[in-house]
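Everything below concerns the one structure shown next.
All heavy atoms count here, side chains included; hydrogens, waters and symmetry mates do not. For reference, positions follow the sequence shown, starting with 1.
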Amino acid sequence: MIKKIWENNRIYFVANLIYMLAVWGIGVLYNIETEFIFYEISFALIITVIAAIVNRKPNVDTTGIGGERDIEQEKDKMRWEKVREKEDFFALWAHQIKTPIAALKLLFEDEAPNTYECKSELFKIENYVEMALNYLRFEEMSGDLVLEKCSLEPLVKQTVKKFSTVFIFRHLSVELNNLDCDILTDDKWFSFVLEQVLSNALKYTKEGGIKIFSRDTDEGKEIVVSDSGVGIKSDDLPRVFEKGYTGYNGRVDKKASGIGLYLCKGVCNKLGHRIRIESELGKGCDVIITVRKETVNARDSKYI
């Protein structure tokens, strides 16, 4: 197994070994912070391992005949589609993560780097790594789900606390209303969705603040994340959950990869929730997650 991985990915390992040695040599030569060198080498190693995983070639059984051969070929096609999807994802992910890495590198070149800005870029890198790990778990998510009655307010407060330094540094307000209620969900995956939504809201909100609240509807309970940011063009709204689609804001910002909302949509589908966006350009954005009543009723006796 190890030998096969080495044969299929030799070029990845050799190229990244050279890269890591070069980073270490440059760091020693120019007296760059050891911590930064460690992060550079660690991320190169992570990307190498991920590339090796997604580049595994599936075994094709050629001994079958007739219908068995057709079934095996179809399975083989599906496996390759999954491999290609992972390759596309990590191509987008690598494009996204290299921005804060480059920014962190520039910050460390200053004689007295800004501590907050360094922590901010490191925070982005940690979020992107966490996103990649959750993507790898996404296919097996159904076996990882634990649907149970969860108190909404602690979940939201925990997520907001994670981004507290961003709110403080950028002088943005946060308002929480009507969150003292229970929802049926998986707390880990629901928190992941909240984090992605809040991260997007902060990315495009320069002034004002963000409101998070819940409201009851005929369909179920809606959790709304409302920001005062730049908003979304009406032409982009139907496609915001497509993989890799960044829209007008992403093209202007040049930092978006179209990964976060795509994962949010997939996670909500598996949780039995619904997610949609209401927005106007220049008038902010509302991301609405609906926990439907029929989902709660159907699963209440089984999981609670």
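Counting heavy atoms of neighbouring residues, nucleotides and ligands inside a 6.0 Å radius, atom CG of D180 does not exceed 12 of them. Environment of CD in E280: sparse, with no more than 12 heavy atoms of neighbouring residues, nucleotides or ligands closer than 6.0 Å.
In the hydrophobic cluster analysis, where Ile, Leu, Val, Met, Phe, Trp and Tyr join through side-chain heavy atoms closer than 4.5 angstrom, L107 is grouped apart from I125.
Scored by the salt bridge (Lys or Arg N to Asp or Glu O under 4.0 Å) test, K221 finds D216 as partners (sequence neighbours excluded). Every residue two or more places apart in sequence or in another chain that forms a ring-ring contact (aromatic ring centres under 6.0 Å, His included) with F163 is listed here: F123. T165 pairs by the side-chain contact (heavy atoms from CB on, under 4.5 Å) definition with Y116, not counting sequence neighbours. Scanning for side-chain contact (heavy atoms from CB on, under 4.5 Å) contacts around L152 gives V156, L179, C181, I183, F190, S214, I223, with sequence neighbours left out. The side-chain hydrogen bond (donor to acceptor under 3.5 Å, both in side chains) check on E130 picks up K162, with sequence neighbours excluded. Remark: K157 engages E153 in a salt bridge (Lys or Arg N to Asp or Glu O under 4.0 Å) (not counting sequence neighbours). Not counting sequence neighbours, D187 has no partner by the salt bridge (Lys or Arg N to Asp or Glu O under 4.0 Å) test. When the side-chain hydrogen bond (donor to acceptor under 3.5 Å, both in side chains) test is applied to K188, the partners found at least two apart in sequence or on another chain are D144. Under the side-chain hydrogen bond (donor to acceptor under 3.5 Å, both in side chains) criterion, K265 pairs with no residue at all, not counting sequence neighbours. Scored by the side-chain hydrogen bond (donor to acceptor under 3.5 Å, both in side chains) test, N177 finds E175 as partners (sequence neighbours excluded). Looking at residues two or more places apart in sequence or on another chain, you find no salt bridge (Lys or Arg N to Asp or Glu O under 4.0 Å) involving R170.
Residues V193 and C268 form a side-chain contact, since some pair of their non-hydrogen atoms from C-beta on lies under 4.5 Å apart. Residues D227 and D286 fail the side-chain proximity criterion, which asks for heavy atoms closer than 4.5 Å. Looking only at side-chain heavy atoms (C-beta outward), I232 and Y204 stay at 4.5 Å or farther from each other. In this structure the side chain of S120 reaches within 4.5 angstrom of the side chain of K124, judged on heavy atoms. Looking at T159 and I212, their side chains never come closer than 4.5 Å, going by heavy atoms from C-beta outward. Counting heavy atoms from C-beta on, the side chains of T99 and Y128 never come closer than 4.5 Å.
By the 4.0 Å N-to-carboxylate-O rule, E222 lies close enough to R276 to be salt-bridged with it.
In the hydrophobic clustering, where aliphatic and aromatic side chains (Ile, Leu, Val, Met, Phe, Trp, Tyr) are joined below 4.5 Å either directly or transitively, V224 groups with F213, I288.
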